[in-house]
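Please read the structure below before turning to the comments.
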Amino acid sequence: MNGGPIKRRIFMRQHRWTHARLSDYLDGELSHRDEERVEQHTRICPECSRLLATLRGTLRELMGLHDEPLPSVADGVIERLRRSW
Amino acid sequence: MRLHADRLYAVVIRFGAPGGEAEEIVQETFVRAWRAIGRFKGESQFFTWLYRIAINEAKRHMTRRAAQLERVASDDMALESIGDRAPSPQLRAEHQDLRAALERAVRALPMDYRIPLVLRDIEGLSTAQAAAVMQLREPAFKSRLHRARLAVREAMEDYLDVEDQA
Ligand SMILES: [Zn+2]
């Protein structure tokens, strides 16, 4: 029998599984075994590999927003808070 | 005090509250926090609670004035004020574009997706802390976070390409 369609189905199953876990992978929240599964798939799947790279870049930029200068609450508000604090 | 208030102010603006309302929300949150301060054991419990109150206050404000929220203009001003105060030499111009696009992408997320992303990825809370703030189980929290990240990533794809080649 033809192995193609079966391989394809296995690939797609790995693809969906990996796609749903890329955030957990980047957050270091997967088991060692699952990490390897993600890495194995991203090596052979251009879509997941690109997704992983751009997701990583997105997270780096989002983290950078934390260090942007803070907007300032009006002095009057701070004064009122200090009085009630 | 000033630092905590400004930090919370930035968070509340990113939750989607227009500038003036964000100040009110910060004020109400701190007043409630002051009243309840005896109930908290550790600092982390206190901050979990502080964020939760801020979210509830923000949601309450937005429901009450949903129509006014539609006026994107005031929203824009509040968010851009974050970047405007940055000392921005010409060299950083491109990066400022990226940051502005990123803020827009975050703001475009529905509230239920925006909050997990702001808490986890911008404020740097752990998954456990951020899920606790939202009173969600971790799997539910993570699934929202992942979808929020994918949406922002998609909006940022062109910018990221430029970055990666540079
Ligand atoms: Zn894939």
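Chain A is the first sequence line, chain B the second, and so forth, proteins listed ahead of strands; every chain is numbered from 1. Given the structure is predicted, the values throughout are model-derived calculations rather than measurements.
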Within the structure provided, determine whether [X] and [Y] are in side-chain contact (heavy-atom separation under 4.5 Å).
X      : Y      : value
B:R2   : A:S72  : yes
A:L62  : A:L65  : yes
A:T18  : A:Y25  : no
A:L22  : B:L150 : no
B:L145 : B:R120 : yes
A:H66  : B:E123 : yes
B:E28  : B:H61  : yes
A:L81  : B:V31  : yes

So which of A:D27, A:T58, A:V73, A:D75 has the largest heavy-atom pair count under 4.5 angstrom toward chain B? A:V73

Any residue of residues 37-49 of chain A which, by heavy atoms, sits under 4.5 Å from chain B: none

Region of A:L26 that comes under 4.5 Å of a non-hydrogen atom in chain B: neither

Where on [X] is there a heavy atom nearer than 4.5 Å to chain A: the side chain, the backbone, both, or neither?
X      : answer
B:L8   : neither
B:R35  : neither
B:V106 : side chain

Does anything in residues 133-141 of chain B get under 4.5 Å of chain A by heavy atoms, and if so which residues? none

I need the B:L119 CG to B:T48 OG1 distance, nearest 0.5 Å. 10.0 Å

Out of B:E23, B:Q27, B:R149, which one racks up the most heavy-atom pairs below 4.5 Å with chain A? B:R149

Does A:H15 have more than 12 heavy atoms from other residues, nucleotides or ligands lying within 6.0 Å of its NE2? yes

Parallel, tilted or perpendicular: ring planes of A:H19 versus B:H146, cut at 30 and 60 degrees: perpendicular

Going by ring-ring contact (aromatic ring centres under 6.0 Å, His included), B:H4 matches just one of B:F47, B:Y51, B:F30. Which one? B:F47

